[in-house]
There are 2 protein chains.
Amino acid sequence: MSQSLDTTFAALADPTRRAILSMLLEDDMAVTDVAEPFEMSLAAVSKHLVILTKAGLISQEKRGRVKWCKIEPNAMKEASVWMQSFGQFEELDMDAFERFLEAELAG
Amino acid sequence: MSQSLDTTFAALADPTRRAILSMLLEDDMAVTDVAEPFEMSLAAVSKHLVILTKAGLISQEKRGRVKWCKIEPNAMKEASVWMQSFGQFEELDMDAFERFLEAELAG
DNA sequence: TTGTTCGTCAACCAAATGGTTGAATATGCA
DNA sequence: TGCATATTCAACCATTTGGTTGACGAACAA
């Protein structure tokens, strides 16, 4: 679980990757089209997409010679839940809260 | 803003730093006490605390020779809101969450 | 004063990160 | 077939990251 938080937060720490996620929120896109607005090589964007895929934040499916990228919003859930446990619930018993979270994430 | 998301997510990407935040959720702590459970030097933990401070996730206040570390839960809000904007994932089970809250606040 | 504790600083190191370029692979099309 | 397009691979590079150690200054205690 904490390994997945590692990769999720690390993936989200880069502004290019967050921009990619925002783009994919609107629609699925091919790798070339994802890369178009960025001032870096296609290979660099391709690497970012690999990182997002390994973090589970997007999925990629090849149809013909085009690889389509699709956002996977559920992957953000664990990290989002983890973060919310700070801002709002800091006065609570953390052991109980973590048991609650585990039950939530399992379900 | 996106710079602050950079530093926030980068700070959260390290398991040692997340563990520190969890510890500080329970109580304010001196640097030496924060470092105690970790199998690394005090200097290394001190660096992690600098990163958390720069991200605004904690604050540090020196009283005498002891520097106290305090969590700043609001700092996570921007990042949390950003993640929520992807809000296509299922909400937490709010009924279960409210039961949890009641039990916590009663106990 | 002398010594001890608290914490940071400086220099260093290995590994990871984010980028480049050019070649390679795979698919589609005339 | 032959060529263009879509994407990744491989090698390389500079910078950042996360750790180490030893020296240091500041605050307490004897």
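Chain A is the first sequence line, chain B the second, and so forth, proteins listed ahead of strands; every chain is numbered from 1. Values reported hereafter were calculated over all heavy atoms of this structure, with side chains retained and with hydrogens, waters and symmetry mates removed.
- Regarding B/Lys54, its NZ atom lies at a distance of 13 Å from the P atom of D/dG18, rounded to whole Å.
- A side-chain donor-acceptor contact under 3.5 Å links B/Ser4 and B/Glu78.
- B/Ile71 contributes atom CD1, which lies 10.5 Å from atom CD1 of B/Ile20 (distance to the nearest 0.5 angstrom).
- Here the P atom of nucleotide D/dA6 and the CD atom of A/Glu61 are 18 Å apart, to the nearest Å.
- Whole-Å rounding puts the A/Ile58 CD1 to D/dT7 P distance at 12 Å.
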In the 5'-to-3' direction, what one-character label does each nucleotide of nucleotides 4-11 of chain C receive under the scheme B = base within less than 4.0 Å of a protein heavy atom, S = sugar-phosphate only, - = no such atom?
-> BBSBBB-B
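- Regarding B/Glu39, its CD atom lies at a distance of 12 Å from the P atom of D/dG19, rounded to whole Å.
- In terms of phosphate contacts, B/Ser41 brings no side-chain nitrogen or oxygen within less than 4.0 Å of OP1 or OP2 of D/dG19.
- Nucleotide C/dA26 holds its C1' atom 17 Å from the CZ atom of A/Arg63, rounded to whole Å.
- No donor-acceptor pair closer than 3.5 Å links the side chain of A/Arg18 to the backbone N or O of A/Ala11.
- The nearest whole Å value for the distance from the CG atom in B/Leu52 to the P atom in D/dG18 is 11 Å.
- Atom CD1 of B/Ile20 and atom P of D/dG18 are 11 Å apart (whole Å).
- Phosphate proximity of C/dG18 to A/Arg17: present, with a side-chain N or O under 4.0 Å from OP1 or OP2.
- A 4.5 Å side-chain heavy-atom check between A/Phe9 and A/Met83 finds at least one atom pair inside the cut-off.
- Heavy atoms only, all atoms of each residue included: B/Gln60 and B/Ile58 are closest at CG-CD1, 4.2 Å.
- Taking 4.5 Å as the limit, some side-chain heavy atom of B/Leu21 sits within range of a side-chain heavy atom of B/Leu12.
- For B/Met40 and D/dT17, the CE to P distance is 16 Å, given to the nearest whole Å.
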